[in-house]
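Throughout, residue positions are numbered sequentially from 1 according to the sequence presented. None of these values were measured; they are calculated from a predicted model.
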Amino acid sequence: MAEPTQSSAMQSHLVNFIGLLRSHDVRVSPAETLDAMDVAATLGYARRDRLRDGLAAALAKTPAEEAIFQHCFSRFFDQRLADFSSTREERATQTGEQEAPSGPEAASMPKGDADHSAAQLLETAAQTDADLQALLTSPLLRQLQDNDSAALNLAMGEAAASVGLSQIRMFTQKGQFTRRMLDAMGEDQLRRTLVRLDQEDSPALEPLRRYRDILREQVRDYVERQYLLQAEGENARFMDDLLRRTRLSNLELRYQHRVQELVQRMARKLAERHARKRRTYRRGKLDMGRTLRRGIANDGILFHTHWKRTQKNKPQLLAICDVSGSVAAYAKFLLLFLYSLQDVLPKVRSFAFSSHLGEVSELFAQHPVDKAIELVNWRYGGATDYGKSLQDFARLALDDINSSTTVIMLGDARNNHGDPQLDIMRSIYQRSRRVIWLNPESRRAWGTGDSEMPRYLSACHFAAECNNLTQLERIVDQLLKMNR
């Protein structure tokens, strides 16, 4: 009957491990879970390296997932593989250790002065105290007296499984799970005995209290390790969710690198969702005139055929970003998003402006995205003049806009009471496939003060409030759908 129980425990730990991987954003399907169970059943738990390689082949699909898998495996299986590999006696034989004796034999073994004195006090008190005698012969106290860390770790693992410690997610749960584990291990018997010995002012109180404190410290450490392991992915997910909904202008500098990684991860997800599918196209309509003319040289034998094909204009995306002080943070992440989607977006040309406008596409071709964005802000930051910038844009790119062009304008439309050059925006609107305006300000602020947003709306196909990553991802997702 032991084998089915051990097998069930192995599967339970494996399911918990897969749940840990999912909390770290490693996608594992039900079919892959079954594959992993087959791998573990075939390879067994005795060889750690072999199990690790087998599970990695079944569960990790990308280099990034492979790195996460290795990190989680080493932490999750640190103390678990030994629990399944062999019995305690076999482990002692493998490591050259001898089984620690207990009872009277343990009392006669040479120990340190403190341990020997504590053992004598407890043995003496137990001669006239049946409850204390029962406690001293319990597995828990024998493990503590013998300092049997292997057996104690195994007992803590069993207690953790019984109380569902793998479900710990918040630091406020650590005390709750510590108490549950102590109760599951039988610490309540030790606690009741200590209360009675304290009332009786027994000399056995202090050594027994020391064992209790050692037990509590080890259980607290065990719970702490499990919390750091189990909650790491959940806390990272919670933090990412918080950053997604925070206004980009409010993000502190220490979060910038994490937000950039989040943007790139979001972009990869969108790229996978909108990846172009391979399609088989017909060759087109036979061009009979060209085919016959080519065959004249061969006495009318049509060795070469020619086909009529309709040439479509390739779509392009023009991104016009206000990089003045009030909007620079939003422009940075929009450009980061767009250039992280080069594989699925049409050709992207980028323009930046504040008081004047210039094309910055070559910066992204010559430098990494982060460096290019830094150079853009340095070259074009300053006070805002939408009218002058639109004139610069008309000179640089207006003639390149056609019915396959999507124009994204990112800015707050605050023009410092200057000429908005609305006629240029209307010309862009008439020539392009669509004009999308992303405004980081709340809709309630549109049209207040020096905002020209209500006037620019007449020259836009779509306008939206966009000031956090969740809104930005939703809009880019819709843009990708429209460009299919």
Side-chain angles (χ1 to χ4, degrees), residues 243-244 246-251 253 255-271 274 315-382 384 386 389-390 392-393 396-397 400 405-413 434-441 463-480 483:
L243 293 175
R244 284 171 180 263
T246 301
R247 291 182 72 95
L248 295 173
S249 60
N250 292 338
L251 291 173
L253 184 61
Y255 294 124
Q256 293 291 317
H257 181 68
R258 181 165 188 161
V259 174
Q260 290 180 19
E261 292 180 348
L262 179 59
V263 167
Q264 291 168 346
R265 197 159 65 241
M266 293 162 68
R268 284 196 299 269
K269 181 181 73 173
L270 290 179
H274 298 283
Q316 65 173 336
L317 179 64
L318 304 184
I320 309 172
C321 298
D322 181 355
V323 293
S324 61
S326 60
V327 196
Y330 305 100
K332 172 181 179 178
F333 289 107
L334 173 63
L335 291 171
L336 182 61
F337 225 126
L338 296 180
Y339 279 92
S340 298
L341 287 166
Q342 287 284 32
D343 291 338
V344 291
L345 276 174
K347 179 183 177 182
V348 178
R349 291 179 62 189
S350 303
F351 302 83
F353 73 93
S354 53
S355 59
H356 65 287
L357 177 144
E359 183 168 1
V360 295
S361 306
E362 76 283 354
L363 293 178
F364 290 91
Q366 298 169 2
H367 302 281
V369 175
D370 294 347
K371 179 65 175 178
I373 292 173
E374 182 181 337
L375 292 173
V376 167
N377 290 333
W378 176 73
R379 287 188 186 182
Y380 295 98
T384 311
Y386 275 75
S389 299
L390 285 172
D392 292 339
F393 179 78
L396 290 173
D400 299 330
T405 303
T406 297
V407 178
I408 297 181
M409 175 74 77
L410 175 68
D412 57 9
R434 68 179 66 89
V435 175
I436 300 173
W437 193 299
L438 306 181
N439 193 322
E441 289 191 337
E465 176 184 334
C466 181
N467 53 45
N468 61 48
L469 292 182
T470 298
Q471 294 171 338
L472 183 57
E473 180 186 28
R474 187 183 305 120
I475 291 167
V476 174
D477 187 23
Q478 292 298 320
L479 176 63
L480 291 170
N483 277 285

Interatomic distance, [X] atom [atom1] to [Y] atom [atom2] [nearest 0.5 angstrom]:
X: L317; Y: S350; atom1: CG; atom2: OG; value: 8.0 Å
X: T405; Y: R434; atom1: OG1; atom2: CZ; value: 10.5 Å
X: I408; Y: F351; atom1: CD1; atom2: CZ; value: 13.0 Å
X: Q478; Y: E473; atom1: CD; atom2: CD; value: 11.0 Å

List the steps and the verdict of side-chain contact (heavy atoms from CB on, under 4.5 Å) for L410 and I320. CA-CA 6 Å; L410 175 68; I320 309 172; over 6 Å; no
Just wondering, do [Y] and [X] contact through their side chains at under 4.5 Å, heavy atoms?
X: L335; Y: C321; value: yes
X: L357; Y: L396; value: yes
X: Q316; Y: V348; value: no

Give a yes-or-no answer on whether the side chains of Y330 and D322 include a donor-acceptor pair shorter than 3.5 Å. no
Side chains of S324 and S354 only: does a donor on one sit below 3.5 Å from an acceptor on the other? no
Under 3.5 Å donor-acceptor, [X] side chain and [Y] backbone:
X: R247; Y: P440; value: yes
X: W437; Y: A413; value: no
X: Q471; Y: N467; value: yes

Quick one, N439 with M409, criterion side-chain contact (heavy atoms from CB on, under 4.5 Å). Give me CA distance, side-chain angles, the key distance, then yes/no. CA-CA 8 Å; N439 193 322; M409 175 74 77; over 6 Å; no
Ring centre gap for F353 and Y386 strictly below 6.0 Å: yes
Taking every heavy atom of V327 against every heavy atom of G411, the minimum-distance pair comes out as CG1-CA, 4.1 Å
If every non-hydrogen atom of S361 is compared with every non-hydrogen atom of R349, which pair is closest and at what distance? OG-CA, 3.3 Å
Give the C-alpha distance, both sets of side-chain angles, the deciding distance and a yes or no for side-chain contact (heavy atoms from CB on, under 4.5 Å) between V407 and I436. CA-CA 6 Å; V407 178; I436 300 173; over 6 Å; no
For T470, give me all partners under side-chain contact (heavy atoms from CB on, under 4.5 Å), at least two apart in sequence or on another chain. R244, R245, N468, R474
Go through it in stages, so that I can follow the logic: the residues are T406 and L318, the test is side-chain contact (heavy atoms from CB on, under 4.5 Å), and I'd like the CA-CA distance, side-chain angles, deciding distance and then a yes or no. CA-CA 6 Å; T406 297; L318 304 184; over 6 Å; no
